[in-house]
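Data block below; observations after.
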Amino acid sequence: KCSTPHFSEQQLEQMFVDVFNRILKNRAEVLANCDTRRRILSDTTALDMEAEALQVQLDTLTERIRQCVDENARSTLDQAEYHKKYELLTSKFEKAREGLEKISRERIERRVRQVHLDLFVDSLEKTEELLTVFDLGLWYAVIDNVTVHAKDDIRFTFRDGTVMRV
């Protein structure tokens, strides 16, 4: 049996109103933190440099693989030696390709986090007064998830990364 407590929709909505109002009271600080996160997310200098180095490595390995295959086609090489060299080159190529794909995924994840952060900031800037009633549109714009650990341990995770306990 699940030991997680049950909350009604109205209870959860009121918890959201309370937590969001706490954020509104610290709006200036939260927005400053969001601005810092935006700069960090948008700075892809290290990723760009790593991607460039991996692309050079891929280009070099592609050429070396082509040369290896051409040499095997032109001359009688020890096939065991050829396969060993070919496998080593293709293994290095795959590792570099996977590294480049990882960087691509990281860029996409950063962009998604930026979009979520922008939605959060936009919603925070547009909400001028403390909430008195639940706003479903605001919920979708600012909440990433809610985790219920226990009846007295409920955590709202906002799209900017802020986690607040109820």
Side-chain angles (χ1 to χ4, degrees), residues 1-62 65 90-166:
K1 181 180 175 184
C2 178
S3 62
T4 305
H6 174 77
F7 294 97
S8 71
E9 190 173 326
Q10 291 77 20
Q11 288 173 306
L12 192 59
E13 289 173 356
Q14 186 56 51
M15 286 181 225
F16 168 73
V17 168
D18 295 343
V19 167
F20 190 76
N21 283 341
R22 285 178 20 211
I23 284 187
L24 282 176
K25 290 176 184 175
N26 297 313
R27 179 194 321 248
E29 180 183 339
V30 171
L31 289 173
N33 290 338
C34 288
D35 188 49
T36 301
R37 287 189 189 128
R38 275 182 175 157
R39 283 194 307 275
I40 291 168
L41 287 172
S42 66
D43 182 9
T44 60
T45 305
L47 288 176
D48 295 342
M49 290 172 56
E50 187 178 351
E52 187 176 322
L54 285 170
Q55 188 59 57
V56 167
Q57 186 179 5
L58 281 173
D59 293 344
T60 302
L61 286 166
T62 299
I65 291 168
T90 56
S91 173
K92 288 180 180 180
F93 180 90
E94 283 305 311
K95 186 176 178 185
R97 186 187 58 76
E98 288 169 4
L100 204 53
E101 287 177 358
K102 182 180 176 188
I103 290 170
S104 178
R105 286 191 303 273
E106 173 67 21
R107 281 185 175 138
I108 291 168
E109 288 170 12
R110 281 183 178 210
R111 185 64 193 129
V112 167
R113 288 195 309 260
Q114 277 182 295
V115 168
H116 288 170
L117 188 58
D118 290 345
L119 281 170
F120 176 82
V121 167
D122 187 51
S123 297
L124 191 58
E125 289 174 339
K126 287 180 180 175
T127 307
E128 302 201 8
E129 297 178 10
L130 295 178
L131 299 180
T132 55
V133 295
F134 177 75
D135 181 333
L136 185 61
L138 185 60
W139 168 279
Y140 285 128
V142 301
I143 292 295
D144 185 38
N145 66 69
V146 177
T147 306
V148 178
H149 294 281
K151 190 165 185 85
D152 61 345
D153 187 6
I154 300 128
R155 299 174 192 184
F156 284 75
T157 303
F158 289 83
R159 292 191 182 274
D160 74 329
T162 300
V163 178
M164 296 194 70
R165 280 180 79 171
V166 175

Separation of [Y] [atom2] from [X] [atom1] (nearest 0.5 Å):
{"X": "Asp153", "Y": "Thr147", "atom1": "CG", "atom2": "OG1", "value": "9.0 Å"}
{"X": "Tyr140", "Y": "Asp135", "atom1": "OH", "atom2": "CG", "value": "11.5 Å"}
{"X": "Leu117", "Y": "Arg111", "atom1": "CG", "atom2": "CZ", "value": "10.5 Å"}
{"X": "Ile65", "Y": "Lys92", "atom1": "CD1", "atom2": "NZ", "value": "10.5 Å"}
{"X": "Leu136", "Y": "Phe134", "atom1": "CG", "atom2": "CZ", "value": "5.0 Å"}
{"X": "Arg37", "Y": "His116", "atom1": "CZ", "atom2": "NE2", "value": "14.5 Å"}

Testing the basics here: between [X] and [Y], what is the closest heavy-atom pair and its distance to 0.1 Å?
{"X": "Leu119", "Y": "Ala141", "value": "CB-O, 3.8 Å"}
{"X": "Leu131", "Y": "Thr127", "value": "CD2-CG2, 4.1 Å"}
{"X": "Val121", "Y": "Cys34", "value": "CG2-CB, 3.6 Å"}
{"X": "Leu58", "Y": "Ala96", "value": "CD2-CB, 3.7 Å"}
{"X": "Gln114", "Y": "Ser42", "value": "NE2-CB, 3.4 Å"}
{"X": "Arg110", "Y": "Ile40", "value": "NH1-O, 3.5 Å"}

Could you tell me whether the side chain of [Y] reaches within less than 4.5 Å of the side chain of [X], counting heavy atoms only?
{"X": "Leu61", "Y": "Glu94", "value": "no"}
{"X": "Leu124", "Y": "Phe20", "value": "yes"}
{"X": "Asp160", "Y": "Val30", "value": "yes"}
{"X": "Arg155", "Y": "Val146", "value": "no"}
{"X": "Val142", "Y": "Phe156", "value": "no"}

Val133 and Val17: side chain to side chain contact (heavy atoms under 4.5 Å, CB included), yes or no, with the steps? CA-CA 7 Å; Val133 295; Val17 168; over 6 Å; no
Between [X] and [Y] (side chain of the first, backbone of the second, donor and acceptor by atom type, cut-off under 3.5 Å), is there such a pair?
{"X": "Ser104", "Y": "Leu100", "value": "no"}
{"X": "Gln11", "Y": "Ser8", "value": "yes"}
{"X": "Thr60", "Y": "Val56", "value": "yes"}

Does Glu101, at its CD atom, have more than 12 non-hydrogen atoms belonging to other residues, nucleotides or ligands within less than 6.0 Å?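 Atom CD in Glu101 is packed in, count exceeds 12.
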Please list all pairs meeting side chain to side chain donor-acceptor pair (under 3.5 Å) that have one or both residues in residues 21-30, counting only residues at least two apart or in different chains.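 The answer is none; no pair qualifies.
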Assess the residue pair Thr162 and Thr157 against the criterion (side chain to side chain contact (heavy atoms under 4.5 Å, CB included)); give the C-alpha distance rounded to whole Å, side-chain angles, the decisive distance to 0.1 Å, and a yes or no. CA-CA 6 Å; Thr162 300; Thr157 303; over 6 Å; no
Among all residues two or more places apart in sequence or in another chain, which pass the side chain to side chain contact (heavy atoms under 4.5 Å, CB included) test with Arg107?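 By the side chain to side chain contact (heavy atoms under 4.5 Å, CB included) rule, Arg107 matches Leu47, Asp48, Ala51, Ile103.
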Residues in side-chain hydrogen bond (donor to acceptor under 3.5 Å, both in side chains) with Lys126, at least two apart?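 side-chain hydrogen bond (donor to acceptor under 3.5 Å, both in side chains) check on Lys126 returns Asp122.
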For Leu31 and Glu125, run side chain to side chain contact (heavy atoms under 4.5 Å, CB included): C-alpha distance rounded to whole Å, both residues' side-chain angles, the deciding distance at 0.1 Å, then the answer. CA-CA 9 Å; Leu31 289 173; Glu125 289 174 339; 4.2 Å; yes
Give a yes or no on whether a salt bridge exists between Arg39 and Asp35, defined as a side-chain N under 4.0 angstrom from a carboxylate O.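 Salt bridge present between Arg39 and Asp35.
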Please evaluate residues Val166 and Val19 with respect to the criterion side chain to side chain contact (heavy atoms under 4.5 Å, CB included), reporting the C-alpha separation (whole Å), side-chain torsions for both, the decisive distance (0.1 Å), and the verdict. CA-CA 7 Å; Val166 175; Val19 167; 3.5 Å; yes
Below 30° counts as parallel, above 60° as perpendicular, anything between as tilted: where do the rings of Phe158 and Phe120 land?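 Perpendicular: the ring planes of Phe158 and Phe120 meet at over 60°.
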Worked verdict on Asp118 versus Arg38 for salt bridge (Lys or Arg N to Asp or Glu O under 4.0 Å): CA-CA 8 Å; Asp118 290 345; Arg38 275 182 175 157; 3.0 Å; yes
